[in-house]
Amino acid sequence: MENPTTDKTPVSNFIRTIIDRDLESGKHKSIKTRFPPEPNGYLHIGHAKSICLNFGLARDYGGICHLRFDDTNPIKEDVEYVDSIMEDVRWLGFDWQDKLFYASDYFDQLYEYAEILIKEGKAYVCDLCQEEIRKHRGTLTVPGKDSPYRNRSVEENLDLFRRMRDGEFEEGAKSLRAKIDMASPNLNMRDPVIYRIKKAEHHRTGNKWLIYPMYDYTHCISDALEGITHSICTLEFEDHRPLYDWFLDQLPVPCHPQQIEFARLNLSHTMMSKRRLLELVQNKVVNGWDDPRMPTLAGMRRRGFSPEAIREFADRIGVAKANSVVDFELLQFCVREDLNKHANRVMAVLDPVKLTIENYPEGKVEELEADNNPEDPSAGVRLIPFSRNLYIERDDFSENPPKGWFRMSPGKEVRLKHAYYVTCKEVVRDAQGRISELICTYDPLSRGGGTADGRKVRGTIHWVSAEHSIPAELRLYDQLFTIADFNDMEEGKDYTDYLNPDSLVVNRVCRLEPSLRDAKAGERYQFMRQGYFSVDPDSGPDGLVFNRIVTLKDSWAKQQAAKS
RNA sequence: UGGGCAGUCGCCAAGCGGUAAGGCAGCAGGUUUUGGUCCUGCCAUACGGGGGUUCGAAUCCUCCCUGCCCAGCCA
């Protein structure tokens, strides 16, 4: 697999400025970045920003990007997640070649370095329990107090640390701490814990270890061991940078990568917290991690978003240090832009009403040619059956049309896409007064949708032949949340108060043109004048299931809404 | 009220002392066998606010305001 190339000139951002400077000054000959997920959940669109950034920089500068699992906390991590993460990164279109790493690969080295720290008097074993450590840490405005165990001898620390490793102590009874400064205004520097006892089985190292290193200690060393040049992370780690640098300054590591922080992605109407996403899954608010309403890559993939669209989105949002909330509209734009070019057009009637052409012979069937994609002639053409009895969209008929209406109404000629001009002569209603059938006539000379006299027919509507059409289930999705920006939540409310009850509407009455009969899971189509749909894997012998990826823009609806 | 970071159009975001890119959204037209696409035009005398330096400031200095992050043996 090739990492996607791009001929677009990348937009300038502060990270590129740093890299340009480092390359120009000779600090680095080439760059090496890394995407370092913790395998404790599924990747979401926010991770996609980071993946595109890290792999994209490597691509643009002819460098390398590693995939490294930050797996230092065995009780939260699982192979299910490492598998899904690899699948998602690959699906997004990136290739880590043979550069697949795990922080757990460095456990031995990390341990050796810890002993060095101890031997140099820069780390000590502390007997304080979690509560006590917290009390000693002080507060934002009050300096911390030294641990009573802070000045143990090197020999005692070494002995204790080895016994921690060997399982002599209970979880929580002891920890290894860096000896830095309990009075630092930066809480991260107040003798942070670097090793804790956890008698848990690790998904890769099994039962080999009973102590596990903490993130701050592990991450910088992992970066250094891999020769990472630019270690890009999110804003909340800004305060950790002095600690990142401190460890690397104390240890005989091969190099000292530069940590650079950028603002994580927030999307309007979207919840991006891993913890809450997990709750949505566990509480069955959604149907799993890959529910098409989820902002996970698995969900977006199932919904029908293409990796190209997501990459384009990542490019367009830019990279900066200001907290922001990107409009969901931008993502939709990128999805539509890609689908417009690549999705074949088909006709599907979502809310069918019968249309009978009284002057069209009973039993006659014509196969009419239709282009598959006006944006792409190479997509070819297909044949669609036409007959006396059709279905059209209920919304495409109005008995008393508003001003500006150019769909069907009594006596008004409209074009059936790819077929004929028809004119409604009669409206048939059922006992409830609901329109049950439209009786029309057609112009035999308008075959294909045009006439020699060149008369203008403004309205064009889609249709299917009643007897040839096939049923399907349509899953129509909308935003999962009604609130745009979660920073604006009302006091006392939480995210569950903003769930959209209509985020999924199931349609089982639609009728599709027969060419869709053999559609395969994952395929994407434009249902003309409606939206883009993808074939859901739930499709089977019992019938087709489609997910609505995104609607088409609808300026008519917008204009009508503006009037009321 | 300790420390760190950030504030440029409704939403993103370039800009790095020489007089406000671009995209999305929006608005107005045009083309159109999708009220889709496409095309054209409009959309910040103004860069959180006040002072200051300078011939010249979004860019430098200064004070202030607002927002975000940090007190896990999570990452």
Side-chain angles (χ1 to χ4, degrees), chain A residues 11-13 17 36-38 40 70-73 75-77 126 128-130 133-135 137-144 171-177 184-190 192-198 211-212 214-216 218-219 233-242 261 263 268 274 315-334 336-337 340-341 345 347 370-371 374-375 404-407 415-419 421 446 448-450 457-462 484-485 487 526-531 551-559:
Chain A
V11 180
S12 165
N13 64 50
T17 302
E38 182 189 13
N40 69 341
D70 223 329
D71 55 351
T72 57
N73 188 354
I75 63 169
K76 290 171 69 178
E77 296 152 8
C126 183
L128 259 25
C129 70
Q130 196 158 213
I133 285 186
R134 175 153 40 83
K135 286 187 186 125
R137 187 154 31 224
T139 68
L140 296 177
T141 52
V142 178
E171 285 190 19
K174 285 183 167 48
S175 63
L176 182 70
R177 297 227 259 162
S184 171
N186 181 344
L187 307 220
N188 294 301
M189 302 298 273
R190 322 244 261 225
V193 170
I194 59 183
Y195 264 95
R196 76 285 214 189
I197 300 170
K198 269 188 196 297
I211 55 173
Y212 290 93
M214 299 287 288
Y215 164 84
D216 285 304
T218 308
H219 204 90
C233 62
T234 44
L235 254 26
E236 67 270 26
F237 292 103
E238 237 161 355
D239 287 342
H240 295 239
R241 192 179 345 124
E261 312 84 10
S268 66
K274 263 190 189 178
D315 286 344
R316 286 183 185 244
I317 56 178
V319 179
K321 298 195 67 160
N323 291 315
S324 61
V325 180
V326 176
D327 262 353
F328 196 82
E329 291 270 14
L330 180 59
L331 214 206
Q332 292 198 321
F333 170 84
C334 295
R336 288 192 185 110
E337 182 186 46
N340 176 53
K341 286 196 283 264
R345 275 62 169 169
M347 293 197 284
D371 55 333
E375 305 297 316
W405 177 267
F406 43 80
R407 276 114 96 151
R415 174 186 296 107
L416 294 176
K417 178 77 182 175
H418 302 307
Y421 292 169
S446 62
V457 172
R458 190 64 208 275
T460 301
I461 63 176
H462 58 280
D485 184 346
N487 296 312
Q526 182 194 104
F527 288 3
M528 294 199 88
R529 306 206 303 131
Q530 296 287 356
T551 61
L552 247 31
K553 288 214 303 196
D554 187 348
S555 62
W556 169 253
K558 183 191 291 181
Q559 184 189 324

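Throughout, a chain's letter reflects where its sequence line sits, starting with A, and its residues are numbered from 1. Side chains included, hydrogens not; waters and symmetry mates left out as well; all remaining heavy atoms used.
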Nearest to the side chain of A:D327, heavy atoms from C-beta on, is which of B:rA6, B:rC11, B:rC73? B:rC11
Looking for any heavy atom pair under 4.0 Å, which part of the strands does A:R415 touch: base, sugar-phosphate only, or nothing? base
Among the nucleotides B:rG15, B:rC70, B:rC69, which one has an atom lying closest to any side-chain atom of A:S12? B:rG15
Is there a side-chain contact between A:L235 and A:E238 (heavy atoms, below 4.5 Å)? yes
Options B:rU34, B:rC24, B:rG15, nucleotide nearest the side-chain atoms of A:L330: B:rC24
Which of parallel (below 30°), tilted (30 to 60°) and perpendicular (above 60°) describes A:Y215 and A:F237? tilted
Integer-rounded Å distance: B:rC11 P and A:F328 CZ: 18 Å
Would you mind reading off the distance between A:F333 atom CZ and B:rU37 atom P, rounded to a whole angstrom? 9 Å
Base B:rG36 paired with A:E375 side chain (donor-acceptor, <3.5 Å): yes
Taking only the side-chain heavy atoms of A:V193 (C-beta and beyond), determine which of B:rU34, B:rC73, B:rA75 contains the nearest atom. B:rC73
Could you let me know what B:rU66 is paired to, Watson-Crick or G-U wobble, both distances under 3.5 Å, or none if it's on its own? B:rA6
Whole Å only: how far is the CG atom of A:L187 from the P atom of B:rG4? 12 Å
Heavy atoms under 4.0 Å, any strand shown: does A:C129 hit a base, just sugar-phosphate, or nothing? base
Quick one: A:F237 CZ to B:rG72 C1', roughly how many Å, whole number? 12 Å
Assign A:Y215 to base, sugar-phosphate, or nothing according to its heavy-atom contacts below 4.0 angstrom with the strands shown. base
Quick note, A:E329 side chain, CB onward, closest among B:rG4, B:rA25, B:rA71 is B:rA25
Round to a whole Å and report the spacing from NZ of A:K321 to P of B:rC69. 15 Å
To the nearest angstrom, how far is A:R241 atom CZ from B:rC69 atom P? 18 Å
Rounded to the nearest 0.5 Å, how far does CE of A:M528 lie from CE of A:M347? 7.5 Å
Select one nucleotide: of B:rC74, B:rA75, B:rA71, the one nearest the side-chain heavy atoms of A:H240. B:rA75
Of the listed B:rC74, B:rG23, B:rG2, the closest approach to the A:N73 side chain comes from B:rC74
Do A:R134 side-chain and B:rG72 base share a donor-acceptor contact under 3.5 Å? no
When we call it a touch if two heavy atoms are under 4.0 Å apart, what does A:N340 touch: a base, just sugar-phosphate, or nothing? base
Classify the nucleic acid contact of A:F406 as base, sugar-phosphate or nothing, counting any heavy atom under 4.0 Å across all strands shown. base
Base, sugar-phosphate, or nothing: which does A:L331 touch, judged by heavy atoms less than 4.0 Å apart? nothing
Under 4.0 angstrom between A:R529 side-chain N/O and B:rG35 OP1 or OP2: yes
Taking atom C1' of B:rG10 as reference, at what distance in whole Å does atom CG of A:D485 sit? 13 Å
Taking the side chain of A:W405 as its heavy atoms from C-beta onward, which of B:rC69, B:rG72, B:rG35 lies nearest to it? B:rG35
Looking at B:rG67, does its base get a donor-acceptor pair with the side chain of A:N323 below 3.5 Å? no
Contact class for A:R407 (heavy atom, under 4.0 Å): base, sugar-phosphate, or nothing? base
Salt-bridge test for A:K274 and A:E38: reply yes if a basic N is under 4.0 Å from a carboxylate O, no otherwise. no
Could you tell me which nucleotide pairs with B:rC42 by Watson-Crick or G-U wobble geometry, both distances under 3.5 Å, or answer none if nothing does? B:rG26
Is there a Watson-Crick or G-U wobble partner for B:rC73 with both distances under 3.5 Å, and which nucleotide is it? none
What does A:Q526 touch in the nucleic acid at a heavy-atom separation under 4.0 angstrom: a base, only the sugar-phosphate, or nothing? base
Under 4.0 Å between any heavy atoms, over every strand shown, what does A:G144 touch: base, sugar-phosphate, or nothing? Just pick one. nothing
Using a cut-off of 4.0 Å on non-hydrogen atoms, how would the nucleic acid contact of A:D70 be classed: base, sugar-phosphate, or nothing? sugar-phosphate
For a quick check of understanding: with a heavy-atom distance under 4.0 Å over all strands, which category does A:K553 fall into, base, sugar-phosphate or nothing? sugar-phosphate
With heavy atoms under 4.0 Å as the rule, sort A:K198 into base, sugar-phosphate or nothing. sugar-phosphate
Which nucleotide in the list B:rU32, B:rC24, B:rC12 gets nearest to the side chain of A:R458? B:rU32
Within the pair A:R190 and B:rG2, is there a side-chain N or O less than 4.0 Å away from OP1 or OP2? no
Would one find a side-chain N or O of A:R316 under 4.0 angstrom from OP1 or OP2 of B:rC11? no
Write down the distance between CD1 (A:I194) and P (B:rA75), rounded to a whole number of angstrom. 13 Å
Under 30°, 30 to 60°, or over 60°: which ring-plane class applies to A:W556 and A:F406, parallel, tilted or perpendicular? tilted
Which glycosidic conformation, syn or anti, is assigned to B:rG10 if syn requires a torsion within 90° of zero? anti
Contact class for A:H418 (heavy atom, under 4.0 Å): base, sugar-phosphate, or nothing? base
Nearest-nucleotide pick for A:A322, side chain only, options being B:rC12, B:rA25, B:rA6: B:rA6
A:P374 near the nucleic acid: base, sugar-phosphate alone, or nothing, with a heavy-atom cut-off under 4.0 Å? base
